[in-house]
Protein chains: 2
Amino acid sequence: MAEVKSLRPVKREPAAIAIASQLTQAIMDGSLPPGHQLGEADLAAQLGVSRGPLREAMQRLVQQGIAVSEPHRGVFVTKLDEEDVRDIYFTRSAMEAAACRLVLRQDPQRTADRLAKAHRAMATAARRGNMTGLSAADMEWHQTLVAESGSRRLARIAETLFVETRMCLSALTHRHPDPQAMVEEHAALIEALRAADEPRLLTLLEAHMRDGVERLTGREGSPE
Amino acid sequence: MAEVKSLRPVKREPAAIAIASQLTQAIMDGSLPPGHQLGEADLAAQLGVSRGPLREAMQRLVQQGIAVSEPHRGVFVTKLDEEDVRDIYFTRSAMEAAACRLVLRQDPQRTADRLAKAHRAMATAARRGNMTGLSAADMEWHQTLVAESGSRRLARIAETLFVETRMCLSALTHRHPDPQAMVEEHAALIEALRAADEPRLLTLLEAHMRDGVERLTGREGSPE
DNA sequence: GGATTGTCGAATGTCTACAACTTTTCGTCG
DNA sequence: CGACGAAAAGTTGTAGACATTCGACAATCC
């Protein structure tokens, strides 16, 4: 048979998946802010679907913890307080540290190459002062790290955590990080990965996450 | 008004939640074996609900990864291969290690006490040769550990991982672990926790998880 | 005979409509 | 001004119908 490589299987995702993606996107970029109610009638009309698939999509968000359901009242976008921010970054830290350990026993160089690609996008965005692009490149970087681990479960868990991270970020658009520091931190991480220096990699990662928390909570932990 | 603390608001959980719980339970104990199709019509009739809430519940399972959906074919209980077993235990290891670190910076003694309670149940079940009770106590022990960490996200993640763990166990009921070893391993973990000896605790935990994998995959790592 | 094509049944995916129940709102009365 | 209670609005659950799609089997063609 003639194998035609450019032909890929037609992907037709069910409505519930598509709806969940759109809702997630809207929640991440702040269009649906924390505490906002996901009214069934409104959303169904707006998305051009019926309540059935919409409710299925909402159950997915609730299961992820991105939304919460209050019986007979509706489902609402989850509100994140300062404790949540710490929890998110702590859990991310544990997840990504685990991903690092997996990457180190596989192909650190290849992973480093792929991370470097995201890192270049980050550096470019930083140079141009493109903060949204910087944030996107940051997410891309961490997503690549987890994907490279090859662990389905880490990938699934990280997906939710990244959504929550972006919820935090879009809620505090005014507090801008130091782009230069961000670029440098990721560069150091890649370098440690290339050197296959596990202790240093994990230490840098933990510090990186701590920076993330302090950036969002008001860096209460920094003496001088 | 007279405040009566023993009076709690009547909890009426939505059908989708109740259905998801029942399905999860059936999947854990092997009534719904891996690969089995969750037919809508059958299940709906069997559970006495309509297809709507049932589909919502199934979406939750799919989101958790306990079931997989093949468009226009149906949703099926996830099949777990040997790689999945390793992934589950690796992820659990990372999760529970993180929980240990959190517990250590809170109230290790109180946590140790609560773990000791589950441990006594474990020892009793072991003495009587009650393998299902032993397995239940084991799950209870680890669930307690994660709950004591106080992290919502770790708890949510662990919930799914525990379901997957029990799926593995019920698929291999013939391969029974050494009950005595199991009791001793948990005792050592509690002891390390009481001593607030973080390095030892984490080392023991990792070894405990490695044991779990080897028990299920056929202990390929043991030469003789 | 073997491979392709057409057809059919069954299950999923989706929609509309309706009934039941809760919460909220709002007007009224004390 | 606050309490009570009915109406309104929203969510939750059900039922039925139809379209779409998949797997299997039968018919057809070389």
Side-chain angles (χ1 to χ4, degrees), chain A residues 1-4 7-23 26-27 32-64 66-79, chain B residues 1-3 7-23 26-27 32-79:
Chain A
M1 172 181 27
E3 283 269 349
V4 184
L7 289 183
R8 329 188 104 272
V10 181
K11 69 159 185 183
R12 282 166 310 113
E13 55 184 7
I17 310 290
I19 297 170
S21 298
Q22 285 213 34
L23 290 181
I27 290 173
L32 294 173
H36 186 278
Q37 179 169 9
L38 302 177
E40 294 188 4
D42 279 351
L43 281 179
Q46 209 165 325
L47 292 166
V49 296
S50 69
R51 283 177 42 217
L54 175 61
R55 286 180 60 87
E56 291 171 23
M58 294 198 301
Q59 289 298 319
R60 290 182 84 111
L61 299 193
V62 171
Q63 176 62 41
Q64 285 188 88
I66 294 170
V68 294
S69 163
E70 299 184 20
H72 285 107
R73 297 227 323 127
V75 351
F76 303 79
V77 179
T78 301
K79 285 182 182 174
Chain B
M1 175 178 33
E3 283 270 348
L7 256 40
R8 331 195 111 275
V10 179
K11 69 163 184 182
R12 297 179 12 271
E13 54 184 8
I17 310 288
I19 297 169
S21 298
Q22 286 215 32
L23 291 180
I27 290 173
L32 293 173
H36 187 277
Q37 178 169 8
L38 303 177
E40 294 186 4
D42 280 350
L43 282 179
Q46 211 165 322
L47 292 166
V49 296
S50 66
R51 285 174 54 205
L54 174 61
R55 286 178 59 90
E56 292 171 24
M58 294 199 301
Q59 288 298 318
R60 292 182 81 113
L61 299 192
V62 170
Q63 176 63 39
Q64 282 185 286
I66 294 170
V68 294
S69 164
E70 298 183 20
H72 284 106
R73 297 231 319 123
V75 348
F76 303 79
V77 180
T78 301
K79 286 182 182 174

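Per chain, numbering begins at 1; letters A, B, ... match sequence-line order.
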### Task
Write down the atom of B/Ala57, the atom of B/Ile19, and the distance for their closest heavy-atom approach.
CB-CG2, 3.6 Å
### Nearest atoms (heavy-atom pairs only) where A/Ala67 meets A/Leu38
CB-CD1, 4.4 Å
### Nearest-angstrom distance from the residue atom CD of A/Glu40 to C1' of C/dC21
14 Å
### Message
Within residues 47-54 of chain A, which residues have any heavy atom lying less than 4.0 Å from an atom of DNA chain D?
### Response
A/Arg51
### Query
Quick check: does any side chain N or O of B/Ser69 sit under 3.5 Å from a backbone N or O of B/Val75, one acting as donor and the other as acceptor?
no
### Message
Both B/Gln59 and A/Arg73 contact DNA chain C. Taking the nearest nucleotide for each, which residue is further toward the 5' end?
### Response
B/Gln59
### Task
Determine the contact category for A/Gln37: base if any of its heavy atoms lies under 4.0 Å from a base atom, sugar-phosphate if only primed atoms, P, OP1 or OP2 are that close, otherwise nothing.
sugar-phosphate
#### Entry: Spacing of CD belonging to B/Glu56 relative to CD belonging to A/Glu56, to within rounding of 0.5 Å
7.0 Å
### Task
Only counting residues at least two apart or in another chain, list the ones meeting side chain to side chain donor-acceptor pair (under 3.5 Å) with A/Glu40.
A/Arg51, A/Arg55
### Task
Extract, from 5' to 3' on DNA chain D, the first and final nucleotides lying under 4.0 angstrom from some heavy atom of chain A.
D/dT11 to D/dC22
### Query
Could you state the interatomic distance from CG (A/Leu23) to CE (A/Met58), rounded to the nearest 0.5 Å?
8.0 Å
### Query
Do B/Ile27 and B/His36 have side-chain heavy atoms sitting under 4.5 Å apart?
no
### Task
Using atom CD of A/Glu56 as one end and atom C1' of C/dC15 as the other, report the distance to the nearest whole Å.
12 Å
### Message
Using 0.5 Å steps for rounding, measure from the CD atom of A/Gln22 to the CG atom of A/Leu54.
### Response
11.0 Å
